[in-house]
Amino acid sequence: ARLVLPVPPGFVMSIAVYKEYRKTRSLPDAEIKRGLAYLAQKAGKSLGKGLQVSVRSSAPVSMPGMMDTVLNVRDEAMMRSAIARVFDSWDNMRAVEYRRLNRIPSDLGTAVVVQAMVFGNADERSGTGVVFSRDPNTGAKGLFGEYLPQAQGEQVVSGATTPLPIDELKKRMPALYEELANTAAKLEAHFKEMQDIEFTIESGKLHILQTRSGKRTAHAAIKIAVDMVSDGFISTTEAL
């Protein structure tokens, strides 16, 4: 959001809140009220009166698909319940096993992001997808990923529907594809890392929902590191 990219407004329940919740099973009323007031001001509408939110995990180490996400939350009670559910999902069987396999400490905890919903299923100029800023198999520059017209993000990540290659977006909406490619390049330049980006298009407007460092093959890792040194993004020491 600070990079002035098209990010839907939201607020964060921090890891400190998670640790307090784990001890007391309670959520901070004042902080939630402040977050909702900020969100209403930014979105121009309030929860239950035209505004719906998504509630997602945001852990210090990426654990894609391991914790719960709750979409289309319409009221404050439902939102509080969703925050608690996402916090609790830190200890679900998937997440515990993923941390064990990847040697991620179990005491890190997770933050939660509460964010205004955008709808990839709004009309024929809407859709959703996931892209890497470079090919995670080869390391080649350029967008690599998937796009699903008139759909919500969960349909892509859950595997419930077969998405299209990202080039399909280029054919259908070339200007939006160009905006997505430019945004991916800005994120990569900022984080100095190949990015894995979730996006939604609502009625012809691009929204960036989430970005993280992208997983890649060993071959791709070497090529990306060498190319980033050549382009002046990182030093040789950082590449090594």
Side-chain angles (χ1 to χ4, degrees), residues 1-8 56 58 61-65 69 102 115 118-122 124-240:
R2 284 199 298 271
L3 292 174
V4 199
L5 297 178
V7 179
R56 303 169 185 268
S58 184
V61 178
S62 177
M63 301 199 306
T69 293
N102 292 276
Q115 193 171 35
V118 287
F119 298 96
N121 55 359
E124 71 282 350
R125 284 185 52 76
S126 301
T128 189
V130 177
V131 290
F132 292 86
S133 54
R134 302 183 189 221
D135 189 323
N137 302 303
T138 66
K141 293 179 186 178
L143 294 186
F144 177 93
E146 300 171 326
Y147 173 69
L148 194 57
Q150 290 185 257
Q152 290 287 78
E154 287 303 292
Q155 289 171 262
V156 176
V157 296
S158 69
T161 311
T162 304
L164 305 169
I166 194 62
D167 281 352
E168 191 63 30
L169 176 62
K170 193 174 188 177
K171 291 178 199 165
R172 294 176 183 220
M173 295 186 264
L176 275 165
Y177 178 91
E178 196 63 29
E179 185 185 355
L180 178 62
N182 291 338
T183 299
K186 284 180 189 173
L187 286 167
E188 198 178 76
H190 176 74
F191 290 109
K192 302 189 186 326
E193 254 288 20
M194 183 257 273
Q195 294 296 292
D196 173 359
I197 302 161
E198 293 180 24
F199 70 93
T200 287
I201 295 166
E202 181 183 74
S203 302
K205 178 169 169 43
L206 176 68
H207 299 272
I208 302 299
L209 304 182
Q210 182 167 288
T211 193
R212 60 170 80 89
S213 294
K215 297 191 185 302
R216 67 211 75 177
T217 64
H219 176 89
I222 293 168
K223 176 163 175 52
I224 290 167
V226 170
D227 286 351
M228 284 190 166
V229 170
S230 300
D231 293 340
F233 271 12
I234 58 175
S235 68
T236 306
T237 304
E238 287 170 315
L240 290 169

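It should be emphasised that the depicted structure is a prediction, and the values quoted were computed from it without experimental measurement.
- In this structure, the side chains of M228 and K192 stay at 4.5 Å or more apart for every pair of heavy atoms.
- A distance-only check finds a donor-acceptor pair linking the side chain of S133 to the backbone of Q195 [under 3.5 Å].
- The backbone N or O of G120 lies less than 3.5 Å from a partner atom in the side chain of Q152, making a donor-acceptor pair.
- Side-chain contact between E146 and V130: absent, with no pair of heavy atoms (C-beta onward) separated by less than 4.5 Å.
- The CG atom of L3 sits 8.5 Å away from the NZ atom of K186 when rounded to the nearest 0.5 Å.
- Atom CD1 of I222 is separated from atom OG1 of T217 by 8.5 Å, given to the nearest 0.5 angstrom.
- A donor-acceptor contact shorter than 3.5 Å is absent between the side chain of T128 and the backbone of Q150.
- Residues satisfying the salt bridge (Lys or Arg N to Asp or Glu O under 4.0 Å) criterion with K141, sequence neighbours excluded, are D231.
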- Message: Please determine whether side-chain contact (heavy atoms from CB on, under 4.5 Å) holds for the pair I166 and L180, giving the CA-CA distance in whole Å, both sets of side-chain angles, and the decisive distance to 0.1 Å.
- Response: CA-CA 10 Å; I166 194 62; L180 178 62; 4.2 Å; yes

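- Two residues are said to be in side-chain contact when any heavy atoms from C-beta on lie closer than 4.5 Å; T138 and F144 fail this criterion.
- In this view, E179 and P6, L176, T183, L206 satisfy the side chain to side chain contact (heavy atoms under 4.5 Å, CB included) rule, not counting sequence neighbours.
- Looking at residues two or more places apart in sequence or on another chain, you find a side chain to side chain contact (heavy atoms under 4.5 Å, CB included) between T236 and V229, L240.
- No salt bridge links E202 with K205; every basic N to acidic carboxylate O contact stays at or beyond 4.0 Å.
- The residues E193 and R216 are annotated as salt-bridged, a charged nitrogen and a carboxylate oxygen being separated by less than 4.0 angstrom.
- In this structure, the side chains of F233 and E188 come closer than 4.5 Å at one or more pairs of heavy atoms.
- The distance from atom NZ of K171 to atom CG of L164, rounded to the nearest 0.5 Å, is 9.0 Å.
- When atom types are taken as modelled, the side chain of S126 and the backbone of N121 share no donor-acceptor pair closer than 3.5 angstrom.
- Between the CZ atom in R56 and the CD atom in Q115 there is a gap of 6.5 Å [rounded to 0.5 Å].
- A pairwise comparison of heavy atoms in N137 and H219 identifies O-CD2, 4.2 Å as the closest pair.
- Using a 4.5 Å heavy-atom cutoff, the side chains of D167 and Y177 are in contact.
- Counting heavy atoms from C-beta on, the side chains of V131 and L169 never come closer than 4.5 Å.
- For I208 against F199, the heavy-atom pair with the smallest separation is CD1-CB, 4.1 Å.
- Annotation: the span from E168 atom CD to L148 atom CG amounts to 11.0 Å, rounded to 0.5 Å.
- Taking CG of L143 as the reference point, atom CD1 of I197 lies at 7.5 Å (rounded to 0.5 Å).
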